[in-house]
Amino acid sequence: MPRADAALIEQLGLIVGGAHVLVGRELTEGYSVDWTGRFRGEAAAVVRPGTTGEVAAVVTACAAAGVSVVPQGGNTGLVGGGVPRHGEVVISSRRLGALGPVDVVARQVTVGAGATLAEVAVHCAPYGLEPPVDLAPRDSCTIGGMVATNAGGTRVVRHGTMRRHVAGVEAVLGDGSTISHLQGLGKDNTGYDLAGLLTGSEGTLGIVTAVRLGLVPVLAERVVVGLAFAHLAGAVAAVPVLVGGCPQVDAIELVLAPGVELVGSKLGLPVPDQLRAPAVLLVELAADHEPMAGLAAVIEDLRLAHEPVVATDPAARARLWAIRERHAEAINLLGPPLKLDVTVPLAETVGFLAEVDGLVPGGARTVVFGHLGDGNLHVNIVGLDPSGIDDVEGGVLAAAARRGGSISAEHGIGTAKARYLHLVRGPAELAAFAAIKHALDPAGIMNPAVLLGLPGGRS
């Protein structure tokens, strides 16, 4: 496709104001590389619209010029989905941060796509409500980005993914037209669920500008428990016991010995001796009162390697959570990782990770952690020879698919996994995807390298 020329750049400046059109590598660099450092590109320009109308005008101008666009939120993605790979115009949502009134009765709020998860949480807290989905980069990830990727995070075991809580969206489609359905009605049986369609579409169908977001009550009483196991199989077997015996479970997170050692040595985090074991589950329980109810009886049925670590006050809970949430930070200190976000059925976890070990060559380092409560594993491999990355990546994703899993649990397909989508989606499904893409983005300008990939296999 054509690249943005001086005339288009000038037109975009007239739409959003010259100060909100960034041109030149020194100004666009931060928008042109993902959080891992693995995916890089160069933007023809970065445009920061402040209203839905401005987004529509920008998209209309780019469509008329035949120039592709890449929507971008907080740029915390991990599969290259928000990075301009071929000189596209980046449309940033950072100025779309409006926070609407909290509807306490409906337990909903309408927010701009550029509002961060942390900002929405603070906005809703005085009403005893909070977003149901929680992520480690909560201070920078945006609600629009979370919708675009159908974000999951740590509380999926209790609340599900973002799709469950999107009650409505406002979005600009690929031809510059705007759809807006933000009433958030509990019953609204009036045709296609466009909000559901746009959730998880990774900016390939339109740019979400506002979201009607469902909320959940803040549960004031929280406890985090660290459970250590002598074998991964013991941790896996504990999950259905915990879920079935403790309705207060908010999160069940897995960390393994290599990752725990890494965050301890690289970041200096204090790790309780009881959690220095081959496999550890960090379990958060939340309730209005007595969140530990039922846990003692459940623990008696588990084969633990050490006594549990129980954290009740906020500081102690934060210290335990840091062991899990700072894994990505510690891994990045080793170099740009190959990050593979997959889901496998719980019963396949042990076999899948054994297969992964066999796929990674000597000299490379593998660190696995994840949301074991919903089968989501984050496989991180550092130190691979560049010539061998494709073989390892393809082997790991094929192994997940072969075991009845998914090649993407929560990060999306992006550009990184577009060529592997056929492993989990059949020809008829891919044809349906392409038809939907053409219907909502007839010129093919919306994040064209993402999900379905560019013609000729480019990403």
Do you know which two heavy atoms are closest between Leu182 and Arg212, and how far apart they sit? O-CD, 3.5 Å
Minimum heavy-atom separation for Val55 and Leu96, please, with both atom names. CG2-CD1, 4.0 Å
Could you tell me whether Glu10 atom CD has more than 12 heavy atoms of other residues or ligands within 6.0 Å of it? no
Could you tell me whether Glu429 atom CD has more than 12 heavy atoms of other residues or ligands within 6.0 Å of it? yes
Any side-chain donor paired with an acceptor under 3.5 Å for [X] and [Y]?
X	Y	value
Trp321	Glu284	yes
His327	Asn380	no
Glu170	Ser180	yes
His20	Glu54	no

Which residues pass the side-chain contact (heavy atoms from CB on, under 4.5 Å) test with Thr60, not counting sequence neighbours? none
Side-chain donor-acceptor pairs under 3.5 Å in residues 123-131, sequence neighbours left out?
unit_1, atom_1, unit_2, atom_2, d
His123, NE2, Gly100, O, 2.6
Glu130, OE2, Arg155, NH1, 3.0

Ion pair present between [X] and [Y], side-chain N to carboxylate O less than 4.0 angstrom?
X	Y	result
Arg419	Asp390	yes
Arg158	Asp134	no
Arg138	Glu325	yes

Are any side-chain N or O atoms of [X] and backbone N or O atoms of [Y], one a donor and one an acceptor, separated by less than 3.5 Å?
X	Y	result
Glu202	Gly414	yes
Gln108	Gly184	yes
Asn376	Ala409	no
Ser177	Leu173	no

Parallel, tilted or perpendicular: ring planes of His411 versus His378, cut at 30 and 60 degrees: parallel
Could you tell me if the side chain of Val382 sits less than 4.5 Å from the side chain of Val367, heavy atoms only? no
